[in-house]
Participant: 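Starting off with a structure, shown below.
Note that the structure is a prediction, hence the values are computed from the model and not measured. A note on names: the letters A, B, ... follow the listed sequences, proteins ahead of strands, and every chain is numbered from 1.
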Protein chains: 2
Amino acid sequence: MSLRHGLLGLLAEGPASGYDLTRRFEEGLNTVWPAQHPQIYSELSKLAKAGLIEVDSHGPRRRIAYRITDEGLAEVRRWLAEVEVDHSFRMDTLLRSYFFWLMEPEDLKRRLGEELAYFERFAGALREHAGSKDRGEWGTSARTRAQRVGIEAAIRVNEALAGWARWALEADLMSDENFGNAADRDASAVGTQGEAPAGQ
Amino acid sequence: MSLRHGLLGLLAEGPASGYDLTRRFEEGLNTVWPAQHPQIYSELSKLAKAGLIEVDSHGPRRRIAYRITDEGLAEVRRWLAEVEVDHSFRMDTLLRSYFFWLMEPEDLKRRLGEELAYFERFAGALREHAGSKDRGEWGTSARTRAQRVGIEAAIRVNEALAGWARWALEADLMSDENFGNAADRDASAVGTQGEAPAGQ
DNA sequence: CAACGACATGTACGTATCTACATGTCATCC
DNA sequence: GGATGACATGTAGATACGTACATGTCGTTG
């Protein structure tokens, strides 16, 4: 549902084709809202039919650039100002963390190490990108500076997750020595199907 | 695709019904992986057909409890240890932040204030929940402690976002006085459709 | 014993999303 | 002038997901 508004938001910057928009998503928006080209093209058709965007120009190689209409601009602004934010999100990494107790300690350490490396690397790349904006390499328009705020959010989330992975690794919470005991392990349901309690 | 494994992971703790699992999701898992009951029930049917879970017992009120099979346990462990983590995620808040430049300063401040309040409140609730686990109110099994690690991740992400909203508000980045100038504003595409450059 | 509310499971339907496949266009390079 | 690769847009089909609706079961309470 938000892809619709994401596309309108990008088109508010100026006319663009489905191909352009697909690349914009690949270049960064993908990290907070994944979208593939078939979805983008079909959404553009719907937006055009709804009168929120219109064809701006036909270019070489069948290129079709769209432009946002006044109604489209009003709609994206209404969305930003009035529609309630959906705070739910799905994150594979965090879902998996609920099941860490099922993993072998070595597998878990390896996995946490991979996660740490990933989040650090990605946060670093974002920070570098943010630095180039800070140095004014992308101009100093209100748009650029506002987008810098969005990048900051992504940086902070990725750094928080890197910090979490480091904490989990250093605390060594899952190792046998300082984590749980034989009685705990026997009481867990792993491998004792049928006699385990239903419960919580 | 991960709901399947999420359900297997929960069933690894012991037998549970669709109703139980729905409540488990509502009680916290929902924050990292939303799921409604129709999806859960239909996924349980598929898992049973695939032999990864089986009926454990029939209870009062048509209750059907499922139990994980050896193949199911092997599958969830394979997923945890071998399947690559999907680092993409979709977060409405962050998508919107790319379009902050389209908002009126007052609307933006209000919105950032709401976001700050939400993330602080939610992080606080999670921290309290984590505290009760730390105090041993949920036992000290390996499972409980591992789940505590998952909660820590959620806390850190929510705190990071609260910090971001506070930073954005305090920096007052979007206000006219210290943000952009008339030339910048004129150069932006807002309200100047048709003459704006394709951007980026 | 009627009403209510929590427990418990499902169907129907529309939309969103993903993967794979298909096709056409243009410039460049050998 | 043929091959290649980037540009550019789409279709088909399967799965995932969300909302709304429907139904049945049991215990408690007035």
Side-chain angles (χ1 to χ4, degrees), chain A residues 1-8 10-11 15-27 29-50 53 55-66 83-84 86-92 95 198-200, chain B residues 1-8 10 15-27 29-50 53 55-66 83-84 86-92 95 198 200:
Chain A
M1 204 66 203
S2 291
L3 175 59
R4 187 182 196 81
H5 294 106
L7 293 172
L8 283 176
L10 288 178
L11 284 168
S17 68
Y19 190 80
D20 294 337
L21 295 164
T22 301
R23 280 204 334 246
R24 288 293 298 276
F25 268 86
E26 276 165 10
E27 281 163 10
L29 233 42
N30 246 335
T31 66
V32 297
W33 204 273
Q36 269 67 44
H37 80 264
Q39 243 173 102
I40 289 173
Y41 284 113
S42 92
E43 205 58 59
L44 286 174
S45 302
K46 286 183 209 166
L47 285 167
K49 207 172 289 178
I53 62 174
V55 173
D56 179 66
S57 64
H58 291 268
R61 299 172 191 184
R62 296 158 67 206
R63 176 190 173 89
I64 305 167
Y66 293 91
V83 177
E84 218 180 328
D86 175 9
H87 287 105
S88 74
F89 58 88
R90 44 193 87 229
M91 214 185 283
D92 197 22
L95 178 65
Q200 204 54 271
Chain B
M1 205 64 203
S2 292
L3 175 59
R4 187 183 197 80
H5 293 106
L7 292 172
L8 283 175
L10 289 177
S17 68
Y19 191 79
D20 295 337
L21 295 165
T22 301
R23 279 204 337 245
R24 288 293 299 278
F25 268 86
E26 276 166 9
E27 282 163 8
L29 232 43
N30 246 334
T31 66
V32 298
W33 204 271
Q36 267 70 43
H37 80 266
Q39 240 174 103
I40 289 172
Y41 284 112
S42 92
E43 204 59 58
L44 286 174
S45 302
K46 285 184 210 165
L47 285 167
K49 206 171 288 177
I53 63 174
V55 173
D56 179 67
S57 64
H58 291 269
R61 299 174 192 183
R62 298 160 65 204
R63 176 192 173 88
I64 305 168
Y66 292 92
V83 176
E84 218 181 330
D86 175 10
H87 286 106
S88 75
F89 57 88
R90 49 192 85 228
M91 213 185 284
D92 196 21
L95 178 65
Q200 195 60 271

Participant: Quickly work out the A:Tyr19 OH to D:dA6 P distance and round it to whole Å.
Facilitator: 9 Å
Participant: Looking at every strand, decide which applies to B:Arg90 at a 4.0 Å heavy-atom threshold: base, sugar-phosphate, or nothing.
Facilitator: sugar-phosphate
Participant: Along DNA chain C, 5' to 3', what are the outermost nucleotides having an atom less than 4.0 Å from a heavy atom of chain A?
Facilitator: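 So the contact region on DNA chain C extends C:dA16 to C:dA27.
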Participant: Can you tell me the distance, in whole Å, between the CD1 atom of A:Ile64 and the P atom of D:dC7?
Facilitator: 18 Å
Participant: Taking atom P of D:dC26 as reference, at what distance in whole Å does atom CZ of B:Arg62 sit?
Facilitator: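 Whole-Å distance recorded here is 10 Å.
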Participant: What is the distance, to the nearest angstrom, from the CG atom on B:Leu7 to the P atom on D:dC17?
Facilitator: 11 Å
Participant: List in chain and number order the residues that pass side chain to side chain contact (heavy atoms under 4.5 Å, CB included) with A:Leu21, two or more places apart in sequence or in another chain; answer none if no residue qualifies.
Facilitator: A:Leu7, A:Leu10, A:Leu11, A:Ala16, A:Ile40, A:Leu44
Participant: Sequence neighbours left out, what passes side chain to side chain contact (heavy atoms under 4.5 Å, CB included) with B:Ser57? Give chain and number order.
Facilitator: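 Expected list: B:Ala65.
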Participant: Rounding to an integer number of Å, can you tell me how far A:Leu21 CG sits from D:dG10 C1'?
Facilitator: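 Checked: the CG to C1' distance equals 15 Å.
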Participant: Base, sugar-phosphate, or nothing: which does A:Thr22 touch, judged by heavy atoms less than 4.0 Å apart?
Facilitator: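 If one applies the 4.0 Å heavy-atom cut-off, A:Thr22 turns out to touch nothing in the nucleic acid.
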Participant: Test of understanding: with side-chain hydrogen bond (donor to acceptor under 3.5 Å, both in side chains), list the residues that count as partners of A:Asp86, not counting sequence neighbours.
Facilitator: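 A:Asp86 satisfies side-chain hydrogen bond (donor to acceptor under 3.5 Å, both in side chains) with A:Ser88 only.
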Participant: What are the residues of residues 33-42 of chain A, sorted by number, that bring a heavy atom to within less than 4.0 Å of DNA chain D?
Facilitator: A:His37, A:Pro38, A:Tyr41
Participant: Could you note down all residue pairs passing side chain to side chain donor-acceptor pair (under 3.5 Å) where residues 32-43 of chain A supplies at least one of them, sequence neighbours left out?
Facilitator: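 Every pair satisfying side chain to side chain donor-acceptor pair (under 3.5 Å) with a residue in residues 32-43 of chain A: A:Arg4-A:Glu43.
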